[in-house]
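Quick caveat: nothing in here was measured; it's all calculated off a predicted structure. When reading the values below, keep in mind they use all heavy atoms of this one structure, side chains included, and skip hydrogens, waters and symmetry mates.
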Amino acid sequence: MKKQKAFIFKCSSCGHEEPKWLGRCPECGEWNTLAETPVAGRGTAKEAAGRTIPQSMPLASVDPLEGSRISSGIRELDRVLGGGVMKHSAVLVGGEPGIGKSTLLLQTAAAAETRGRILYVSGEESAGQIRMRADRLGIKEKAEKIEILCSGNLEDIQTIIEAVKPVLIMVDSAQTLYSLEAGLTPGTLNQMKFCTWELISWVKEHDAALFLTAHVTKDGMISGPKSLEHMVDTVLYFEQNDRAAGPGGQDCRFLRGTKNRFGSVDETGIFTMGEKGLTAVDDPSSLFLVTREGELPPGVVTAAVAEGTRTLLVEIQALTVPAKGSISRVFSDRIDSARVSRVAAAIEKHLGLRLSDQDLYINVAGGMRITDVGVDLALACALYSARTGIPCPAKTAICGELSLAGEVRSLRRLAGRIKAALGLGFEKFLGPLPETARDSREVSPPSEKSGVPEARSGEKNNYLPAKDLKSAIKAIYK
Ligand code: TYD
Ligand code: MG
């Protein structure tokens with residue numbers, strides 16, 4: 001029988017194992033990190049014999065998990081989670097330092113609708129600091145059931161978890177976790193992955209859920225939390241595109257899901273950060289709307305965009321200036337630049353309006369990042385208006401997807417968008433042709449019964465349907 005090797009060479013940075021010594025780890029590319037390590041009880045035949053053999057089972061006999069959600073007590077967080085956090089699941093909350101991850105976790109710990117205990121583990125702040133923050137957030141009555149542990153040591157955390165048996169575990173942050181088992185250098189990627197995996201394994205087997213925070217820096221997305229994404233069930237990113245002022249001039253922050261095994265990733269949670277921590281924004285439909293008196297400046301239009309199940313009315317601003325270089329450039333960080341280029345190309349081709357010799361600047365008031373395809377037509381109208389200097393008529397909302405052939409395509413939730421716009425005092429709505437009889441019923445002006453104000457007495461044509469780009473421009477810039 002072949003004799004088992006007593007030593008292997010293990011990378012102290014990433015944990016990769018090699019049978020022989022190498023100067024550079026082939027896994028992580030670090031130099032001089034491979035160290036001789038004794039082989040620790042790896043699956044010998046004897047051990048394997050003592051192990052119970054796993055059995056498969058018919059899918060139909062498995063109990064569904066549905067119904068075992070815990071409401072976080074914070075409506076906007078529940079919205080992005082898909083109605084609360086599932087038991088046995090792990091949620092990663094990523095974001096830049098200072099965005100409010102620790103605040104969100106502490107507020108969730110206080111508001112969560114559970115009778116069980118909550119363990120708040122912090123490797124970043126002292127117990128005193130957490131208490132100060134809790135006092136500031138006004139967490140008093142719920143403080144009884146929150147246990148605080150200030151440590152990043154996995155073995156310590158596991159001991160406490162076994163003693164406290166929490167229903168919710170909050171870990172702030174994944175980057176501060178370390179374990180002696182996971183390599184010699186604390187704070188490496190391997191440490192973070194190993195510890196996170198251990199905690200996830202615990203919640204999978206118990207009636208509990210795990211929240212983890214992780215710092216993201218603008219360029220560190222790949223090496224940090226990204227490497228945890230495949231392990232957790234839900235990934236939420238907290239972002240603030242710039243210091244956009246919300247109602248009352250407060251900071252606006254957005255919580256978006258990029259992965260969710262138990263819900264959609266379309267929803268965006270909208271918060272403002274104030275004196276008493278994060279506050280969910282009740283009615284965001286008008287949050288990104290700029291109220292203007294009289295005529296609009298050229299290049300400014302209002303789009304009705306769908307964000308998950310909500311409609312937001314947002315101001316889109318376009319500016320075109322003769323290109324400084326030989327090629328035209330697009331400056332747009334709220335709407336994908338590729339989308340802007342595509343819409344600009346459609347305008348050039350189908351309206352014969354030259355944009356390829358212009359630099360294009362696109363902005364969305366309020367700092368919201370827009371991914372909805374329904375913004376295409378509004379973008380086209382803004383670019384047209386910016387280039388020609390003809391202002392878009394006031395109190396007009398626009399939505400519609402553009403095809404490369406210049407057609408205006410129909411959209412999901414058209415009726416909801418029209419309703420939201422009319423509700424906010426818009427008088428005209430430019431959008432796609434109603435596709436079916438049901439759609440055309442939906443687009444007729446809502447009656448008073450529906451609670452939405454009539455657009456204008458006697459005005460039937462407040463909906464401007466457009467078949468293609470040309471007819472859309474004709475309809476509003478006539
Ligand atoms: P924090 O949750 O510590 O951010 P993170 O954990 O993501 O690094 O919150 C950071 C910011 O929020 C900090 O700049 C202070 C501010 N803040 C308030 O404005 N109001 C509050 O009530 C709290 C607790 C924090
Ligand atoms: Mg923090």
Side-chain angles (χ1 to χ4, degrees), residues 7-18 21-42 89-97 101-102 105 119-126 130 148-162 166 169-206 208-237 259:
F7 288 99
I8 46 149
F9 293 88
K10 194 168 177 175
C11 173
S12 59
S13 169
C14 71
H16 177 75
E17 291 174 2
E18 278 288 319
W21 189 85
L22 294 171
R24 185 182 192 184
C25 171
E27 188 65 28
C28 65
E30 289 288 323
W31 291 93
N32 284 327
T33 50
L34 291 192
E36 200 174 56
T37 320
V39 180
R42 351 186 94 206
S89 83
V91 180
L92 180 72
V93 181
E96 288 183 24
K101 300 179 296 294
S102 309
L105 249 54
L119 180 64
Y120 185 98
V121 181
S122 179
E124 308 205 326
E125 288 158 282
S126 68
I130 299 169
I148 302 285
L149 172 66
C150 294
S151 170
N153 182 290
L154 180 71
E155 287 77 24
D156 290 353
I157 297 170
Q158 284 173 323
T159 313
I160 300 292
I161 287 177
E162 289 301 339
I169 306 173
M170 313 293 199
V171 175
D172 189 27
S173 64
Q175 275 109 337
T176 57
L177 293 174
Y178 66 94
S179 164
L180 293 178
E181 255 185 83
L184 303 170
T185 335
T188 58
L189 207 56
N190 191 46
Q191 291 273 2
M192 180 168 83
K193 281 160 87 172
F194 175 83
C195 300
T196 303
W197 183 250
E198 289 288 306
L199 294 174
I200 293 174
S201 309
W202 193 87
V203 295
K204 292 266 176 252
E205 285 160 18
H206 296 80
L210 171 71
F211 280 93
L212 281 153
T213 66
H215 305 291
V216 179
T217 48
K218 281 227 161 68
D219 49 352
M221 287 288 272
I222 307 301
S223 59
K226 274 269 180 271
S227 60
L228 299 179
E229 286 191 352
H230 68 280
M231 291 190 223
V232 298
D233 301 288
T234 305
V235 180
L236 308 177
Y237 278 100
K259 164 180 175 179

Heavy-atom side-chain proximity of K10 to L34 below 4.5 angstrom: no
Flag side-chain contact, heavy atom, 4.5 Å: E30 against R24: no
Pairwise distance CG(L189) to CZ(F194) - rounded to 0.5 angstrom: 14.0 Å
Test item: V171 and L119 side chains (from C-beta on) under 4.5 Å apart, heavy atoms: no
W202 and I161, any side-chain heavy atoms less than 4.5 Å apart: yes
CE-CD1 distance between M231 and I200, expressed to the nearest 0.5 angstrom: 6.0 Å
From CA spacing to verdict: side chain to side chain contact (heavy atoms under 4.5 Å, CB included), L212, V93: CA-CA 6 Å; L212 281 153; V93 181; over 6 Å; no
Distance, nearest 0.5 Å, that separates CH2 of W197 from CE of M192: 14.5 Å
Chi angles and distances behind the side chain to side chain contact (heavy atoms under 4.5 Å, CB included) call for V91, V232: CA-CA 6 Å; V91 180; V232 298; over 6 Å; no
Intermediate values then yes/no, side chain to side chain contact (heavy atoms under 4.5 Å, CB included), F211 and I169: CA-CA 6 Å; F211 280 93; I169 306 173; over 6 Å; no
Shortest non-hydrogen contact from T196 toward A174: OG1-CB, 4.3 Å
Crowding at CD, E155 (>12 non-hydrogen neighbours, <6.0 Å): yes
Atom pair CD/NZ of E124 and K101 - distance to nearest 0.5 Å: 7.5 Å
Trace of the side chain to side chain contact (heavy atoms under 4.5 Å, CB included) decision for L154 with L199: CA-CA 8 Å; L154 180 71; L199 294 174; 4.0 Å; yes
Heavy-atom pair of closest approach, residues V235 and E229: CG1-OE2, 3.6 Å
Least distance between heavy atoms, S126 atom then C150 atom: C-SG, 3.7 Å
Minimum heavy-atom distance K204-D233, with the two atoms named: NZ-OD2, 2.9 Å
Backbone of S227 reached by a side-chain donor or acceptor of K193 within 3.5 Å: no
Spatial distance of atom SG (C195) from atom CD (E198) [nearest 0.5 Å]: 7.5 Å
Spacing of Q158 atom CD and I160 atom CD1 [to the nearest 0.5 Å]: 11.5 Å
I130 vs Y120 side-chain heavy atoms within contact, under 4.5 Å: yes
Over all atoms of both residues, closest heavy-atom pair of S102 and D172: OG-OD2, 2.6 Å
Closest contact, heavy atoms only, S173 versus H215: OG-NE2, 3.8 Å
